Structure formats: C-alpha cells, structure tokens
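Read the structure below first, then the notes.
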Amino acid sequence: MRMLLIHSDYLEYEVKDKALKNPEPISDERKKDRLDEVLAVFISVEKVDESNPEEVVEKAVAEIEDVVKQVKAERVFVYPFAHLSSELASPSVALEILQKIEEKLKEKGYEVKRAPFGYYKAFKLSCKGHPLAELSRTIVPEE
Ligand SMILES: Nc1ncnc2c1ncn2[C@@H]1O[C@H](COS(=O)(=O)NC(=O)[C@@H](N)CO)[C@@H](O)[C@H]1O
C-alpha cells in the first residue's frame, strides 16, 4: 500500500464520471463533500496487500494515527487514489481495505470521511506547507 498524507486547510471533491464499470454506490450527499482542518490520505492499495488485508489495515491505521498526532490534525479524509502505484490491487479488495481503514479510525474516535471509490473526481486541496505537511508511507504485509 502507498499513502500520500497531506495536512490541509481543506479538501473538497466533486464526483464526475464513473471510472469503473461498477463503482461504489453512493448517496447524493456523497457526490460532493468537504472537510476543513484535515489530514488528507491518498491511498493506492497494492496487489501485495491482497495476501493479508487485515494486517495492512492495522498498519495503515497506525501510520495515519501517528501522523494525525504529529501534525495535530482534527479529522481525516481517506481518499482512494490509483496513481501512487503501478501494481494495484483489485477494486473489490481495495474498496474493502479502504472501508476498514475508515471504520477503524472512526472506532478510535476520529472524525473521518472517505471519498467515493471508482469515480473520476474533481478535487481542491489546500496544503498547509509546514515541514510535516507532506508525507508518504509504504506499507507491506509480512511475508
Ligand atoms: N487499488 C486501488 N487503490 C485505490 N483506488 C482504486 C484502486 N483500484 C481502483 N481504485 C478506484 O477506482 C478508480 C479507477 O481505478 S483506476 O485503476 O484508476 N482505473 C480503472 O481501473 C479503469 N478506468 C480501467 O483503467 C480510482 O480512481 C479509484 O477511485
């Protein structure tokens, strides 16, 4: 799994077209959304993650929580992003992993949103620009 973490004044998106034949079904309110004072986490789920999704979810949540605490972010935006890797996991596994990451972060008490999966989306992001505002993480399951 590859993650790009951007501490932002805001992230907003608007769904455009389907990028997959069967994208995630979404309600009208999820067609456009925004969070302010947010840690935006762009995630590419990779083929290698399919061998142990549970472990990858756990490691991703731990990394995200670590950065949230370091930058003192108030909320998290989980954003499916297929452009951080050339070895993508299947859409079904990727969606499941992203949903689990969202779920676990909520269980820990964070305010979390997840951008819709399988759509082309317009988005606006305002990076804060401090030294820890742009970070990346690579997560792999143990052999
Ligand atoms: N492994 C993945 N990790 C994260 N997001 C993914 C993944 N696979 C698919 N997606 C989601 O599905 C959308 C389309 O995925 S894509 O790989 O970019 N494109 C396609 O699969 C098709 N357009 C054929 O190329 C992405 O924008 C993202 O929302």
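Remember, it's 1-based here, ligands and their atoms both numbered in the order they're listed. Remember, predicted model here, so these are calculated numbers, not experimental data.
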The test is side chain to side chain contact (heavy atoms under 4.5 Å, CB included); show your working for M3 and I101 and say whether it passes. CA-CA 12 Å; M3 298 201 292; I101 290 172; 5.7 Å; no
Nearest-neighbour protein heavy atom for atom 17 (O) of ligand 1, which is reported as residue plus atom name and distance: L88 CD1, 3.5 Å
Element-labelled atoms of ligand 1 that are located less than 4.0 Å from some non-hydrogen atom of I43: 4 (C)
Do the charged groups of E12 and K32 touch, with an N to O distance under 4.0 Å? no
Side chain of K59, backbone of V140: donor and acceptor closer than 3.5 Å? yes
If you scan protein heavy atoms around atom 2 (C) of ligand 1, the nearest is A94 CB, 3.6 Å
The protein heavy atom nearest to atom 28 (C) of ligand 1 is G118 N, 4.0 Å
Tell me the protein heavy atom at minimum distance from atom 3 (N) of ligand 1, and give that distance in Å. V45 N, 3.1 Å
Around atom 27 (O) of ligand 1, find the nearest protein heavy atom and jot down its residue, atom name and distance. Y119 O, 3.9 Å
Between K47 and E50, is there a salt bridge with N-O shorter than 4.0 Å? yes
Could you check whether K128 pairs with E37 (Lys NZ or Arg NE/NH1/NH2 to Asp/Glu carboxylate O, under 4.0 Å)? yes
So do the side chains of L5 and H7 get within less than 4.5 Å of each other, counting heavy atoms only? no
Is the Lys NZ or Arg CZ of K113 less than 6.0 Å from the centre of Y13's six-membered ring, within 45° of the axis? no
Would you call the rings of F42 and F81 parallel, tilted or perpendicular if under 30° counts as parallel and over 60° as perpendicular? perpendicular
Within 4.0 Å of some non-hydrogen atom of A82, the atoms of ligand 1 are 16 (S), 17 (O), 18 (O), 26 (C)
By number and element, which atoms of ligand 1 are closer than 4.0 Å to a non-hydrogen atom of Y120? 23 (N)
Report the nearest protein non-hydrogen atom to atom 23 (N) of ligand 1: residue, atom name, distance rounded to 0.1 Å. A19 O, 2.8 Å
closest protein heavy atom to atom 9 (C) of ligand 1 is F117 CZ, 3.6 Å
Please work out, at 4.0 Å between heavy atoms, whether the side chain, the backbone, both, or neither of L20 comes within that distance of ligand 1. side chain
